[in-house]
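All remarks here apply to the structure that follows.
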Amino acid sequence: MTISFEGRVAIVTGAGNGLGRSHALELARRGAKVVVNDLGGARDGSGASSAASQEVVKLIEDMGGEAISHGANVANFDEVQDMVQQTMDKWGRIDILINNAGILRDKSFSKMSLDDFKLVMDVHVMGTVNCTKAVWEIMKAQNYGRIVMTTSSSGMYGNFGQSNYGAAKMAVLGLMNTLVLEGAKNNILVNALAPTAGTRMTEDLMPEEIVKAFAPEAVTAGLLTLCDEHAPNRFILCAGAGGYSSATIFETDGCFIPQGSQNPETVRELWPQITNTDNQRALTSGAQQGEKFVLKAMAYRKSL
Ligand code: NAD
């Protein structure tokens with residue numbers, strides 16, 4: 001099956017370099033009109049330049065595609081709104097939003113300043129919130145929207161020196177989980193990508209030959225399946241170096257402790273049962289956890 005984006009309009013944030021650049025080029029190659037957003041700063045978020053995003057626009061135009069660049073800082077809602085307005089003025093719709101822009105300010109938690117923590121949260125979390133908020137009503141009115149969050153194994157599993165980045169990357173999954181519920185009736189599907197790629201973000205963290213093996217294009221192949229017409233919903237796709245997998249949060253079935261025994265000693269005693277993964281499930285709303293506990297309490301009462 002050929003995946004086509006003919007007639008679709010996509011905004012890709014942070015598309016001047018690395019993964020975003022690769023996503024933007026492939027979306028355009030497959031027919032999408034693309035907004036190449038990039039602030040153009042350094043890896044730590046300092047500075048700004050339009051050179052990289054303009055180069056991506058030129059590459060798209062050279063292959064016969066349509067693209068515009070916009071230098072909005074995703075952490076600034078007014079600038080993001082301006083980008084969305086310009087997109088609507090030019091093409092009249094926005095079908096796809098790829099929240100990809102990101103920075104790093106790595107340090108152990110002991111040494112990390114709160115300013116470095118806040119800036120990383122601002123770009124990754126508020127950047128994603130701002131862009132999503134700015135397109136949300138448009139997608140609702142169109143009854144069509146595909147949104148991708150960019151998360152990271154650092155957020156899902158932790159990484160030394162990345163408390164700020166990890167917290168931010170987990171936060172975008174929390175945003176996804178609720179937007180999936182709120183967007184469903186308007187055909188807005190929301191997924192997340194957990195990439196590993198050799199880009200300027202990782203080039204000094206991996207040996208050169210590994211950087212080459214982790215080509216952004218391999219990740220982009222997965223990304224495209226998260227934002228076309230037949231996209232799934234609420235998936236976390238992990239992709240890197242030609243490997244593809246999916247990540248899910250499961251919750252154990254747990255146990256019920258009756259009143260009178262609800263103390264830390266009993267909880268510790270039943271720890272093996274609480275953490276037993278045999279009947280674990282992936283829940284699809286917070287309410288399902290409450291329902292599970294109520295059912296356990298009712299089953300206990302019935303057994304008396
Ligand atoms: P990159 O540094 O090559 O590209 C990031 C781009 O985002 C840059 O062009 C930068 O100018 C832009 N950007 C940064 N702050 C911005 C802002 N405030 N507004 C607009 N644009 C901004 O990095 P990359 O490796 O391509 O990373 C892309 C995304 O993938 C990021 O969200 C990153 O956290 C995530 N990620 C990457 C890896 C990896 O292995 N490379 C792993 C996990 C997650």
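We count ligands from 1, going down the list as the structure has it; atoms in each ligand are counted the same way.
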Do V148 and V35 share a hydrophobic cluster (ILVMFWY, side-chain heavy atoms under 4.5 Å, transitive)?
no
Look at ligand 1 and say whether K169 reaches it with a heavy atom at a distance under 4.0 Å.
yes
E208, CD: over 12 other non-hydrogen atoms inside 6.0 angstrom
no
Between K58 and E61, does any NZ, NE, NH1 or NH2 come within less than 4.0 Å of an OD or OE carboxylate oxygen?
no
D115-S113 side chain donor-acceptor pair, cut-off 3.5 Å
no
Non-hydrogen atom of A72 closer than 4.0 Å to ligand 1:
yes
Protein contact of atom 14 (C) of ligand 1 - nearest heavy atom, named by residue and atom, plus distance:
G102 O, 3.4 Å
Can you tell me which portion of N17 lies within the under-4.0 Å heavy-atom range of ligand 1? Options are side chain, backbone, both, or neither.
both
Judged by non-hydrogen atoms, does G40 sit under 4.0 Å from ligand 1?
yes
Closest to atom 21 (N) of ligand 1 among protein heavy atoms sits L39 N, 3.2 Å
Any non-hydrogen atom of R43 lying under 4.0 Å from ligand 1?
no
Atom indices of ligand 1 within 4.0 angstrom of S152 heavy atoms, with elements:
43 (C), 44 (C)
Any A197 heavy atom less than 4.0 Å to ligand 1:
yes
Test of understanding: given a 4.0 Å heavy-atom threshold, classify the contact between N73 and ligand 1 as side chain, backbone, both, or neither.
both
I need the contact type for I103 against ligand 1. Using non-hydrogen atoms and a strict under-4.0 Å cut-off, is it side chain, backbone, both or neither?
side chain
Ligand-side contact atoms (ligand 1) for residue partner T196, heavy atom cut-off under 4.0 Å:
40 (O)
Salt-bridged, K90 to E66, with N to O below 4.0 Å?
no
Taking non-hydrogen atoms only, is R21 closer than 4.0 angstrom to ligand 1 via side chain, backbone, both or neither?
neither
Under 3.5 Å between some N or O of ligand 1 and some N or O of L19?
yes
Could you see if L175 belongs to whatever hydrophobic cluster contains I94? Use Ile, Leu, Val, Met, Phe, Trp, Tyr and a side-chain cutoff under 4.5 Å.
yes
Give me the residue, atom name and distance of the protein heavy atom closest to atom 25 (O) of ligand 1.
T199 OG1, 2.5 Å
Taking 4.0 angstrom as the limit and counting only heavy atoms of G18, give me the atoms of ligand 1 inside it, by number and element.
3 (O), 26 (O)
Does even one non-hydrogen atom of T151 get within less than 4.0 Å of ligand 1?
yes
May I ask whether L193 and M149 are part of the same hydrophobic cluster, defined by side-chain heavy atoms of I, L, V, M, F, W, Y residues being less than 4.5 angstrom apart, directly or through others?
no
Winner among N100, V12, T150 once heavy atoms are compared against atom 31 (C) of ligand 1:
N100
Salt bridge flag under 4.0 Å for residues D204 and R43:
yes
Do me a favour and list the nearest non-hydrogen protein atom to atom 43 (C) of ligand 1 with residue, atom name and distance?
P195 O, 3.1 Å
Could you establish whether A52 and ligand 1 come within less than 4.0 Å of each other, counting only heavy atoms on the residue side?
no
As a test of understanding, state which of T13, T150, T132 forms a side-chain hydrogen bond (donor to acceptor under 3.5 Å, both in side chains) with N99.
T132
Is atom CD1 of I249 surrounded by more than 12 heavy atoms (other residues, nucleotides or ligands) closer than 6.0 Å?
no
For ligand 1, which atoms, with element, lie under 4.0 Å from some heavy atom of G41?
11 (O)
Protein contact of atom 34 (O) of ligand 1 - nearest heavy atom, named by residue and atom, plus distance
Y165 OH, 2.5 Å
How close do S69 and S53 get, counting heavy atoms only, and between which atoms?
CB-OG, 3.8 Å
Can you report which non-hydrogen protein atom sits closest to atom 1 (P) of ligand 1, along with the distance?
R200 NE, 3.8 Å
Would you name the heavy atoms of A194 and M156 that are closest together and state the gap between them?
CB-CE, 3.7 Å
Heavy atom under 4.0 Å from ligand 1: found in N37's side chain, backbone, both, or neither?
side chain
For atom 7 (O) of ligand 1, closest protein heavy-atom neighbour
G14 CA, 3.3 Å
Do the side chains of K118 and D116 get close enough for a salt bridge, i.e. N-O under 4.0 angstrom?
no
When you measure from the centre of the six-membered ring of F5, is the NZ or CZ of R146 closer than 6.0 Å and no more than 45° off the axis?
no
Closest approach of any protein heavy atom to atom 27 (O) of ligand 1, naming residue and atom
M201 SD, 3.9 Å
CZ (F109) with more than 12 external heavy atoms under 6.0 Å
no
